[in-house]
Amino acid sequence: MCDCGCNTCDSKKPVMLNESVAPRAILSEGLKYHLDNARPLTEHVYRAGSESYFNLWAEARALYSRNIIEVQGDDLEILTETDLGHFGMYEDKKVPLDFIFEEVEVNEADKKKKDPPIGKPKRGGSKKFYVYVRKPGGGTKKISFGDTTGLSAKINNPQARKAFSARHDCPNKKDRTKASYWSCRLPRYAKLLGLKSNFSGFW
């Protein structure tokens, strides 16, 4: 139990600066704000999807890799397990990696022409949800996950999230090709899956 009683503080650790490695002056104003207000990067000061939003994640990733800042909890997982803040090319367009967009309706003919979206869970399949991932040796793999007995995901309940994480050992689920990885990170994709949630982190 955390001091404030929310049961989520363990995943909401603030950003810390290693002043013995580099001075505060090298930080952007956005990162200084997070530092001064003990605010984790998952509670972003900038609008999600804005240029400043991606720039701050990229800055944090670069500084973390050089041991200039320390992060914990959800921030650490995002910086070490995703490419948020980086960009790639898709159909000759520059697109942000590991950033969740709203679903856009396309006709069936267009769907068949394109490869399945990677790392974007959807409803349906043999279980409640499914997602396509890249296999280590090449190609894609479809992963089905989620409860099929009628139980609802209590992602807005701190106690339920904590119990689920402990029961399924979520902190140690690192393999993106396993259903357990995606089940443990369901809250992160709540909006994409049409789930009502006021929680934006991980289990």
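- Looking at heavy atoms from C-beta onward, Trp57 lies in side-chain contact with Leu79 at the 4.5 angstrom threshold.
- Hydrophobic clustering (side-chain heavy atoms under 4.5 Å, transitive across Ile, Leu, Val, Met, Phe, Trp, Tyr) groups Leu76 together with Leu84.
- For the pair Leu63/Leu17, no side-chain contact is recorded, criterion being any heavy-atom separation below 4.5 Å from C-beta on.
- Between Lys173 and Ser183, the closest side-chain pair of non-hydrogen atoms is not below 4.5 Å.
- Minimum heavy-atom separation, Gly119 to Pro121: O-CD, 3.6 Å.
- A side-chain donor-acceptor contact under 3.5 Å links His34 to the backbone of Val45.
- Contact between Phe87 and Leu97 at its shortest, heavy atoms only, is C-CG, 3.9 Å.
- Note that the OG1 atom of Thr140 and the NZ atom of Lys135 stand 7.0 Å from one another [nearest 0.5 Å].
- In this structure, Arg176 contributes its side chain and Arg134 its backbone to no donor-acceptor pair below 3.5 Å.
- Other residues, nucleotides and ligands place no more than 12 heavy atoms under 6.0 Å from the NZ atom of Lys178.
- Looking at residues two or more places apart in sequence or on another chain, you find no salt bridge (Lys or Arg N to Asp or Glu O under 4.0 Å) involving Arg66.
- By the 4.5 Å heavy-atom criterion applied to side chains, Glu81 and Lys174 are counted as neighbours.
- A 4.5 Å side-chain heavy-atom check between Ile78 and Thr42 finds at least one atom pair inside the cut-off.
- Across all their heavy atoms, Asp75 and Val71 have their closest contact at CB-CB, 3.9 Å.
- With contacts defined as side-chain heavy-atom distances shorter than 4.5 Å, the pair Arg47/Tyr53 does not qualify.
- The two residues Ile143 and Val133 have their closest heavy-atom pair at CD1-CG2, 3.6 Å.
- Note that the CG atom of Leu41 and the CD1 atom of Ile69 stand 6.5 Å from one another [nearest 0.5 Å].
- Of all non-hydrogen atoms in Pro14 and Arg39, the two that sit nearest each other are CB-N, 4.0 Å.
- Considering every non-hydrogen atom in both Leu56 and His44, the closest pair reads CD2-CE1, 3.2 Å.
- Of the possible donor and acceptor atoms, none in the side chain of Glu59 sits under 3.5 Å from a partner among the backbone N and O of Leu31.
- Within the 4.5 Å cutoff, side-chain heavy atoms of Phe129 are placed close to those of Leu186.
- By the 4.5 Å heavy-atom criterion applied to side chains, Asp36 and Arg24 are counted as neighbours.
- With no hydrogens or angles considered, no side-chain donor-acceptor pair links Ser20 and Asn18 at under 3.5 Å.
- Not one N or O on the side chain of Ser165 forms a donor-acceptor pair closer than 3.5 Å with the backbone of Lys162.
- Separating the CH2 atom in Trp182 from the OG1 atom in Thr177 is a distance of 10.5 Å, to the nearest 0.5 Å.
- Partners of Glu19 under the salt bridge (Lys or Arg N to Asp or Glu O under 4.0 Å) rule, at least two apart in sequence or in another chain, do not exist in this structure.
- Val15 and Val21 fall within a single hydrophobic cluster, where Ile, Leu, Val, Met, Phe, Trp and Tyr side chains are chained together by heavy-atom contacts under 4.5 Å.
- To the nearest 0.5 Å, the span separating CD on Glu70 from OH on Tyr64 amounts to 9.0 Å.
- Ring geometry, His168 versus Phe164: the interplanar angle falls from 30° to 60°, so the pair is classed tilted.
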